[in-house]
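Accompanying notes for the structure given below.
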Amino acid sequence: LACVCQRRSDDRAAAERFEVPQYTDVGEMARSETLHGIVISAPTHLHLPVVEKCLQGARARQAELGEPALALKALLVEKPVCESLAAAMRLVQLAEEAGVEVLVGHQRRHSAFVRRARELVTRADFG
């Protein structure tokens with residue numbers, strides 16, 4: 001983990017736990033850090049604007065450092081990708097133009113099966 005970005009500057013728990021910088025602006029984060037991957041965990045309607053800012057920031061960093069290619073290689077976007085097919089297509093287009101892979105994270109942590117599996121493997125008598 002290289003850094004965290006969240007809108008609430010007063011909540012520093014993750015940044016402090018992992019001893020990394022915290023940002024409140026994703027564009028600033030992507031301009032300030034050499035990031036190879038970014039996890040987008042935001043409300044669905046913000047996925048496209050966040051991706052746009054990430055790519056803009058990564059391009060600005062590339063230009064500032066005089067690098068021939070983006071350091072950013074992948075974006076992990078939580079499901080659903082966007083609130084509409086048009087927005088999802090735009091997100092994919094922007095990523096393709098930048099040469100960045102888009103991965104979709106399908107979390108199942110709230111499913112009964114996954115909760116039960118976690119319960120079993122965290123028991124004191126397991127293993």
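Because the structure is predicted, anything quoted here is derived from the model rather than measured. Note: hydrogens, waters and symmetry copies are ignored here, and every other heavy atom, side chains too, is used.
- Of all heavy-atom pairs spanning Ala95 and Leu55, the tightest one is N-CD1, 4.1 Å.
- Taking each heavy atom of Leu35 and Ala30 in turn, the nearest pair found is CD1-CA, 4.3 Å.
- Two residues are said to be in side-chain contact when any heavy atoms from C-beta on lie closer than 4.5 Å; Leu70 and Arg59 meet this criterion.
- Summarising the local packing, CD of Glu97 is surrounded by more than 12 heavy atoms from other residues, nucleotides or ligands at distances under 6.0 Å.
- Closest approach of Asp25 to Gly27, counting heavy atoms only: OD1-N, 3.0 Å.
- In this structure, the side chains of Glu52 and Leu94 come closer than 4.5 Å at one or more pairs of heavy atoms.
- Proximity of Glu78 to Ile40: side-chain heavy atoms (C-beta onward) are nowhere separated by under 4.5 Å.
- Side-chain atoms of Gln93 and Met89, non-hydrogen and from C-beta on, never get closer than 4.5 Å to each other.
- Of the possible polar contacts, none joining the His45 side chain to the Cys82 backbone as a donor-acceptor pair under 3.5 Å is found.
- Of all heavy-atom pairs between Val104 and Leu76, the closest is C-CD1, 3.9 Å.
- The hydrophobic clustering, which links ILVMFWY residues whose side-chain heavy atoms are closer than 4.5 Å, places Val4 and Phe18 together.
- Val77 has its side chain within reach of Val102: a pair of non-hydrogen atoms, C-beta onward, lies under 4.5 Å apart.
- Residues Thr34 and Leu65 form a side-chain contact, since some pair of their non-hydrogen atoms from C-beta on lies under 4.5 Å apart.
- Shortest non-hydrogen contact noted between Ala42 and Leu46 is CB-CB, 4.3 Å.
- Going from atom CZ of Arg90 over to atom OG of Ser84 covers 12.5 Å, rounded to the nearest 0.5 Å.
- Listed for the His47 side chain is no donor-acceptor partner under 3.5 Å among the backbone atoms of Ala88.
- In Glu101, the CD atom is not crowded: 12 or fewer heavy atoms of neighbouring residues, nucleotides or ligands sit closer than 6.0 Å.
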Evaluate the criterion side-chain contact (heavy atoms from CB on, under 4.5 Å) for residue pair Val100 and Lys73; output intermediate values, then yes/no. CA-CA 5 Å; Val100 175; Lys73 302 299 178 205; over 6 Å; no
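- Considering all non-hydrogen atoms of both residues, Gln22 and Gln6 come closest at NE2-NE2, 3.8 Å.
- When each of Glu33, Glu28, Arg31, Arg7 is tested with Tyr23 by the rule side chain to side chain donor-acceptor pair (under 3.5 Å), just one qualifies, namely Glu33.
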